[in-house]
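We count residues from 1, following the sequence as given.
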Amino acid sequence: MDRERVIRAVEELLDALGEDRTREGLKDTPRRVADAYEELLSGEGKTAEEHLSKTFTSRCGDAVIERDIWFSSTCEHHLMPFFGKIAIAYIPDGKVVGLSKLARTVEVFAKRLQLQERLTEQIAEEIVLRLKPKGVMVVCEAEHTCMTCRGIKKAGSKTLTYCIKGEFPDKLSGELLTLLSK
């Protein structure tokens with residue numbers, strides 16, 4: 001990220017909005033916005049390899065499930081936040097990963113300009129690439145401020161996306177989808 005360029009762009013935006021960017025409340029806003037975007041987009045260009053590379057041998061053949069992984073991301077269409085929770089289920093094929101590593105994987109992909117559909121798929125694809133499980137399912141439920149604060153203004157509406165990769169028995173995926181979307 002070109003920090004100085006972001007600051008200049010926010011100054012230009014404030015000017016275009018007719019604001020006096022020298023007034024007390026706005027004086028440091030361009031710098032604060034640059035700081036915010038640096039944090040909000042900190043996953044750009046990263047992979048979850050470092051998080052998913054340390055695995056443990058396991059005979060577990062049933063699904064490993066971690067749910068209610070809270071996240072926030074930035075919609076690439078409006079540059080507004082969307083947030084919610086993600087659930088990850090995978091069927092190990094001889095190796096498992098520490099549970100915090102799944103949450104760190106979510107952060108890598110959430111901290112960039114994003115679409116919910118892409119976020120869901122990227123997490124699933126990274127788990128397949130790094131853990132090589134028999135199957136993986138990722139369920140994402142999110143609220144988009146572009147729908148709640150502007151436009152249609154439907155507060156509380158949620159979008160549910162899911163991605164299934166590999167071998168996931170139909171019965172198990174149906175049960176998991178029900179469980180994970182609660």
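Between Y90 and V128, every side-chain heavy-atom pair lies at or beyond the 4.5 Å cut-off. No side-chain heavy atom of E44 sits less than 4.5 Å from a side-chain heavy atom of M1. Side chains of T47 and R130 form a contact here, defined as non-hydrogen atoms less than 4.5 Å apart.
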Return all side-chain donor-acceptor pairs below 3.5 angstrom for residues 91-105, not counting sequence neighbours, or 'none' if the list is empty.
unit_1: T105; atom_1: OG1; unit_2: K101; atom_2: O; d: 2.8

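Atom CZ of R112 is separated from atom OG1 of T74 by 12.0 Å, given to the nearest 0.5 angstrom.
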For H144 and Q116, what are the C-alpha separation, side-chain angles and deciding distance, and is it a side chain to side chain contact (heavy atoms under 4.5 Å, CB included)? CA-CA 9 Å; H144 294 252; Q116 181 176 336; 2.7 Å; yes
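The cluster map of Ile, Leu, Val, Met, Phe, Trp and Tyr, joined by side-chain heavy atoms under 4.5 Å apart, puts L40 and M80 in different clusters. Hydrophobic clustering, with ILVMFWY side chains joined whenever heavy atoms are under 4.5 angstrom apart, keeps L79 apart from F82. Hydrophobic clustering, with ILVMFWY side chains joined whenever heavy atoms are under 4.5 angstrom apart, keeps L119 apart from L41.
Between E143 and K158 there is a salt bridge, since a side-chain N of the basic residue sits under 4.0 Å from a carboxylate O of the acidic one.
Screening residues 13-32 for side-chain hydrogen bond (donor to acceptor under 3.5 Å, both in side chains) gives D15-R21, E19-R23, D20-T22, T29-R32, R31-D35 as the qualifying pairs, with residues at least two apart or on separate chains.
Partners of K111 under the side chain to side chain donor-acceptor pair (under 3.5 Å) rule, at least two apart in sequence or in another chain, are S72.
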